[in-house]
Protein chains: 2
Amino acid sequence: MTDRTIRLLLADDQALVRGALATMLGLESDIEVVAEVGRGDEVVAAALGTNPDVALLDVEMPGLDGITAAADLRERAPGIRVLMVTTFGRPGYLRRAMKAGVAGFVVKDTPAKRLAAIVRDIDAGMRVIDPELAAESLASGDSPLTERETDVLTSAQSGGTNADIARELHLSEGTVRNYLSSAIGKTGARTRAEAVRIAVENGWL
Amino acid sequence: MTDRTIRLLLADDQALVRGALATMLGLESDIEVVAEVGRGDEVVAAALGTNPDVALLDVEMPGLDGITAAADLRERAPGIRVLMVTTFGRPGYLRRAMKAGVAGFVVKDTPAKRLAAIVRDIDAGMRVIDPELAAESLASGDSPLTERETDVLTSAQSGGTNADIARELHLSEGTVRNYLSSAIGKTGARTRAEAVRIAVENGWL
DNA sequence: ACATCCGCGTGACATCTGTCACATCGGTGC
DNA sequence: GCACCGATGTGACAGATGTCACGCGGATGT
């Protein structure tokens, strides 16, 4: 602990943000950015190749979302401690990230000055969870939707008709109507579009 | 141009990103970050108070969007050159930003290393436009929607019924149906939800 | 064993949505 | 002045959507 360097892996799809974070954290004498990736599906390979202590992962990434990447990391390289960073403070994200075994979860509203300290805390074995989001997550509870309801809502996001959704999921149109109806009921919405919005805002999709 | 310092104003709602950008750009010997704000409606006041040469504005901000802030800036402090930076490369954003008189427009996928050079170019009087986005913008053309159609689609985003939209905009339900129908036609969509998605993706809302 | 839940389906019904034709009124362009 | 367009409205109609009741089979829990 005295003067070991923390090896850090950075994953964020926005090159500008990734580079700026790398530069900023690289200024800290006890942090070394050993890998930078822009896609979720590059995280595991980069981690295995560079052996970081901490992985800072964005949730929204092409290829593979950060939460799934975190779960993969836990399996393939369990020693690496994961800090999730996200633009959107959605309760469901936090919940799923915790299930994936992450050590920390903060939103991008966090003051930049504090990030290095958080990385150190994570490295030291602490858990760092955004308190506001934690409260929201407790309040909103887990997703009430079944797997199929989730599938149907996800497919409904693009704005297609029941027939489109049925085709995409290989279901009958009536079944799609039933799942949508129950999803609308569970979300307290009045239309499918509202149900989709609510589910997205809660991070259930 | 020999060794003048470029005074820079930074506006981005995500504190982490804003701080990281400030740190990174502040490392450049010829750039000085003189103001940092997290809301669009704080841009003009900060600019008037700190007299920057270049303003780096995010499009998505609470209070006031970056494009409108840029237009305000043009009016109140026409000497300041504006560089828009955005997460979402939407053709309509670029188009509207150009109308607002910005000097540059880049997406957050831009390599971080290049940002300082872009800021210098902007300060030197050049225009810097993301070429890919420029092509898309030319291809997709201006919004085909009338003002009212835009209003109705915007209101439809939240997933309410025709009655909800009618109430919100003080229109009859039939009129809402007519506008939606024509918006659906113009966007080439088959449902209102699809029309909303297409309009959002093009930056028409 | 029995209840419960989920996945999947059908059929019926009321309501909502999307389209079309048509009408009025106020601008704008030529 | 006249044509055109956008904002607004009405009425009618076909098709989509949302709800409900009900069915079946499989998994899970007590």
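Residue numbers begin at 1 in each chain, while the letters A, B, ... track the order of the sequences. Hydrogens, waters and symmetry mates play no part in the numbers below; they use all other heavy atoms, side chains included.
Shortest non-hydrogen contact noted between A:Asp41 and A:Gly63 is OD2-CA, 3.5 Å.
Residues that satisfy the side chain to side chain donor-acceptor pair (under 3.5 Å) test with A:Thr161, not counting sequence neighbours, are A:Asp164. Scanning for side chain to side chain donor-acceptor pair (under 3.5 Å) contacts around A:Ser182 gives A:Glu149, with sequence neighbours left out. With sequence neighbours left out, A:Glu132 forms a side chain to side chain donor-acceptor pair (under 3.5 Å) with no residue at all.
Relative to the axis of its first five pairs, the axis of the last five pairs of the helix from C:dA1-D:dT30 to C:dC30-D:dG1 sits at 40°, rounded to 10 degrees.
Of the residues near DNA chain D, A:Gly160 and A:Gly174, the one whose nearest nucleotide (by heavy atom distance) lies more toward the 5' end is A:Gly160.
The phosphate of D:dA16 has neither OP1 nor OP2 within less than 4.0 Å of any side-chain N or O from A:Thr161. Applying the 4.0 Å criterion to OP1 and OP2 of C:dG18, one finds that B:Arg192 has a side-chain N or O inside that range. Side-chain nitrogen and oxygen atoms of B:Ser172 include none within less than 4.0 Å of the OP1 or OP2 phosphate oxygen of D:dT8. Under 4.0 angstrom from either OP1 or OP2 of D:dA16 there lies no side-chain N or O belonging to B:Thr191.
Straight-line distance from the CZ atom of A:Arg177 to the C1' atom of C:dA14: 12 Å, rounded to whole Å. If you measure from atom NE2 of B:His170 to atom P of D:dA7, you get 17 Å, rounded to the nearest angstrom. Atoms CD (B:Glu194) and P (D:dA16) sit 14 Å apart, rounded to a whole Å. Protein atom CG of A:Leu171 is 16 Å distant from nucleotide atom P of C:dC6, rounded to whole Å. Residue B:Glu173 contributes atom CD, which lies 16 Å from atom P of D:dT8 at whole-angstrom precision. Atom-to-atom, OH of B:Tyr179 to C1' of D:dC5 comes out at 11 Å; the value is rounded to the nearest Å. Atoms CG (A:Leu180) and C1' (C:dG7) sit 15 Å apart, rounded to a whole Å. If you take NZ of B:Lys186 and P of C:dG18, they are 17 Å apart, rounded to a whole angstrom.
Of the candidate nucleotides D:dG18, C:dG18, D:dT8, C:dG18 has the atom nearest to the side chain of B:Ser181. Among the nucleotides D:dC20, C:dC8, D:dG18, the one closest to any side-chain atom of A:Asn178 is D:dC20. Considering only the side chain of A:Asn162, D:dT17 comes nearest among C:dG18, D:dT17, D:dT8. Counting only heavy atoms from C-beta on, B:Thr175 has its side chain closest to D:dT8 among D:dT19, C:dG9, D:dT8.
Looking at B:Arg81, its side chain does come within 3.5 Å of a backbone N or O of B:Met126 through a donor-acceptor pair. Without hydrogens or angle criteria, A:Asp53 side chain to A:Arg7 main chain gives a donor-acceptor distance under 3.5 Å. Remark: side-chain polar atoms of B:Ser172 are paired, donor with acceptor, to backbone N or O of B:Thr175 under 3.5 angstrom.
Within residues 143-155 of chain B, the residues that place at least one heavy atom under 4.0 Å from DNA chain D are, in residue-number order, B:Thr146, B:Glu147, B:Arg148.
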Check residues 42-51 of chain A and write down every donor-acceptor pair under 3.5 Å in which the side-chain atom is one partner and the other belongs to a residue at least two apart or another chain.
from	atom 1	to	atom 2	distance (Å)
A:Thr50	OG1	A:Ala46	O	2.7

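Using a 4.0 Å cut-off between charged nitrogen and carboxylate oxygen, A:Asp130 and A:Lys108 do not count as a salt-bridge pair. One finds a salt bridge joining A:Asp151 and A:Arg148 here, because a Lys/Arg side-chain nitrogen approaches an Asp/Glu carboxylate oxygen to under 4.0 Å.
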